[in-house]
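Note that ligands are numbered from 1 as they come in the structure, with each ligand's atoms numbered from 1 the same way.
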Amino acid sequence: MLIGIVGKPSSGKSTFLNAACLTNAKTANYPFTTIKPNVGKSAIRVKCVCKEFSVDDNPKNSQCINGERFIPIKLLDVAGLVPDAHLNKGRGNQFLSDLSRADVLIHVIDISGSLNAEGQDVKKGSHNPMDDVLFLEKEINYWFREIITRKDWGKFVRKIEQEKLSFLEMLLERLSGISIKKEHIIKAMQELNLDFEHLTMWSDEDILNFASKLRQVSKPILIVANKIDTPYSAKIYDNLKTQLKQRIIPCSALAEYWLRQFEQRNVIEYLPGDNSFKITNPDLITPTEIKSLEEIQKKILDKYEGTGVQKVLNSAVLEVLDNIVAYPVYDLHNFSDKDGNVFPDAYIVQNGTKLKEFVNDKIHSDLAKNFIYGINGRTKMRLGENYELQNNDVIKIVSAAKSK
Ligand SMILES: Nc1nc2c(ncn2[C@@H]2O[C@H](COP(=O)(O)OP(=O)(O)OP(=O)(O)O)[C@@H](O)[C@H]2O)c(=O)[nH]1
Ligand SMILES: [Mg+2]
């Protein structure tokens with residue numbers, strides 16, 4: 001699972017990455033601090049099933065802290081994008097190819113309204129971030145059109161028509177390796193009223209519409225109102241929220257960054273996504289730092305129920321991408337794997353996934369090939385290969401193969 005972080009220069013992309021991943025990417029208040037992409041590992045946070053089953057778990061592929069399961073995901077932070085990047089403005093949009101493997105994009109917006117479209121300082125509160133929402137989506141769609149047309153669209157569609165090939169299959173092949181699934185293409189085709197029998201007749205506008213739709217279904221964008229901590233932010237945020245149809249999440253990447261730093265220094269107890277923290281080692285911090293922490297509590301955690309960083313990650317993976325979490329186990333008495341690790345793995349799974357697909361994609365293809373049935377860990381009922389996985393399912397797989 002890869003989340004791409006996009007936005008104009010200085011909106012706080014690298015700060016978001018550092019806050020979520022404890023990375024050390026360079027951040028600064030001037031545009032184009034980031035040129036080469038930065039990667040990091042983070043996690044979504046869900047209620048673990050261990051509490052429900054009253055067991056102490058010892059996970060392998062994820063972490064469980066106080067009954068909260070943290071399941072790994074990856075983040076990618078790229079250079080800032082400016083209007084007309086596709087015409088090579090700013091750093092152009094070449095670097096976006098790094099994002100082609102992303103499953104979902106988060107658009108980090110400067111909700112303080114203090115930067116123009118190029119990320120340069122302007123009068124605080126004067127910039128309308130709605131402009132950023134619009135231009136960024138446009139640039140991302142243009143980038144996607146490049147990926148699809150690859151400068152030889154005419155030749156590509158003529159071949160399909162002349163040789164009576166399948167547009168779907170040909171496109172799938174063309175886009176292999178950039179996290180575009182067959183279902184994405186089908187959905188884009190269904191949702192548009194375009195003539196798929198006469199691809200050579202498509203206008204430039206048709207091509208852009210198709211690229212935009214395919215982008216929307218295969219790499220949806222979640223809007224993040226970052227820098228919610230500044231004096232102008234709340235008003236601009238409220239205003240933007242009323243103008244937007246899609247979900248927007250208020251966030252202070254900087255507050256999360258500091259909380260995580262204090263937590264790493266063992267000064268506070270804090271888990272990403274919490275809406276409060278406990279100072280456990282007051283001797284290790286200065287009175288000024290204590291004051292800053294109190295401000296974070298009052299102005300951000302209390303007001304927005306957290307810093308927003310974890311909410312963004314969870315929302316991108318679970319809501320925008322419509323995923324659920326499933327826990328396969330080997331032993332249904334103590335919910336462990338063969339080595340006795342209790343609830344060893346938690347997997348992020350697309351909602352609607354069938355049991356056998358899950359086994360094949362996430363566990364082991366041999367186990368899927370020799371799949372006999374599954375057992376529901378709660379009801380002990382047998383589950384067939386077409387059983388549709390539900391959130392928090394605990395499942396044992398019975399197979400004719402020697403399982404790992
Ligand atoms: N007040 C406040 N400032 C923030 C927040 N997040 C980032 N900043 C500041 O915004 C400035 C830019 O942050 P970066 O993380 O470098 O921004 P970026 O989007 O990666 O910038 P480029 O790499 O240049 O595109 C820095 O001075 C950060 O400290 C936030 O939540 N609140
Ligand atoms: Mg950066």
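Note on residues 108-121: pairs passing side-chain hydrogen bond (donor to acceptor under 3.5 Å, both in side chains), not counting sequence neighbours, are Asp110-Ser112, Ser112-Ser114, Asn116-Gln120. Counting only residues at least two apart or in different chains, salt bridge (charged side-chain N to carboxylate O under 4.0 Å, His left out) contacts with residues 8-37 comprise Lys8-Asp132.
Residue Tyr30 places a heavy atom under 4.0 Å from ligand 1.
More than 12 heavy atoms of other residues, nucleotides or ligands lie within 6.0 Å of CZ in Arg378, so this atom counts as buried by the packing criterion. Within a 6.0 Å radius of CD in Gln350, other residues, nucleotides and ligands contribute more than 12 heavy atoms. For Asn24, the CG atom sits in a loose shell: 12 or fewer heavy atoms of surrounding residues, nucleotides or ligands are nearer than 6.0 Å.
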Q: Show your reasoning for whether side-chain contact (heavy atoms from CB on, under 4.5 Å) applies to Ile185 and Ile180.
A: CA-CA 8 Å; Ile185 303 179; Ile180 292 183; 3.9 Å; yes
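Distance from atom 15 (O) of ligand 1 to its nearest protein heavy atom, with residue and atom name: Thr15 OG1, 2.5 Å. At the shortest separation from atom 3 (N) of ligand 1 among protein heavy atoms lies Leu254 CD2, 3.6 Å. Distance from atom 21 (O) of ligand 1 to its nearest protein heavy atom, with residue and atom name: Ser10 N, 2.9 Å.
Ion pairing between a basic and an acidic side chain is recognised when a charged N comes within 4.0 Å of a carboxylate O; Lys60 and Asp339 show no such pairing. Using a 4.0 Å cut-off between a side-chain N of Lys or Arg and a carboxylate O of Asp or Glu, Glu388 and Lys354 do not qualify as a salt bridge. Using a cutoff of 4.0 Å between basic side-chain nitrogens and carboxylate oxygens, Glu357 and Lys362 are not scored as salt-bridged. Using a cut-off of 4.0 Å between Lys/Arg side-chain N and Asp/Glu carboxylate O, Asp274 and Arg45 are scored as salt-bridged.
Near Phe32, meaning under 4.0 Å from one of its heavy atoms, ligand 1 places the atoms 24 (O). For ligand 1 and Asn226, the ligand atoms under 4.0 Å from any heavy atom of the residue are 5 (C), 6 (N), 31 (O). Counting atoms of ligand 1 from 1 in the listed order, those under 4.0 Å from a heavy atom of Ser14 are 15 (O), 18 (P), 20 (O). Remark: ligand 1 atoms within the under-4.0 Å shell around heavy atoms of Gly80 are 25 (O). If you number the atoms of ligand 1 from 1 as listed, the ones under 4.0 Å from a heavy atom of Pro31 come out as 24 (O).
Across the listed options Asn29, Val78, Thr307, Asn29 owns the non-hydrogen atom lying nearest to atom 27 (O) of ligand 1. In the candidate list Lys26, Arg91, Lys227, Lys13, Lys227 is nearest to atom 5 (C) of ligand 1, counting heavy atoms. The option from Gly12, Ala28, Gly7 that lies nearest to atom 11 (C) of ligand 1, judged by heavy atoms, is Ala28.
Looking at ligand 1, you'll find an N or O of Asp229 within less than 3.5 Å of one of its N or O atoms. Ligand 1 has an N or O atom lying under 3.5 Å from an N or O atom of Ser11, backbone or side chain.
Around the Mg ion (ligand 2), the protein contributes the following N, O or S atoms under 2.8 Å, ordered by chain and number: Ser14 OG, Thr34 OG1.
Using a 4.5 Å heavy-atom cutoff, the side chains of His86 and Asp84 are in contact.
Here the two rings, on Phe343 and Phe53, have centers that are under 6.0 Å apart.
Considering only residues two or more places apart in sequence or on other chains, Glu305 meets the salt bridge (charged side-chain N to carboxylate O under 4.0 Å, His left out) condition with none of them.
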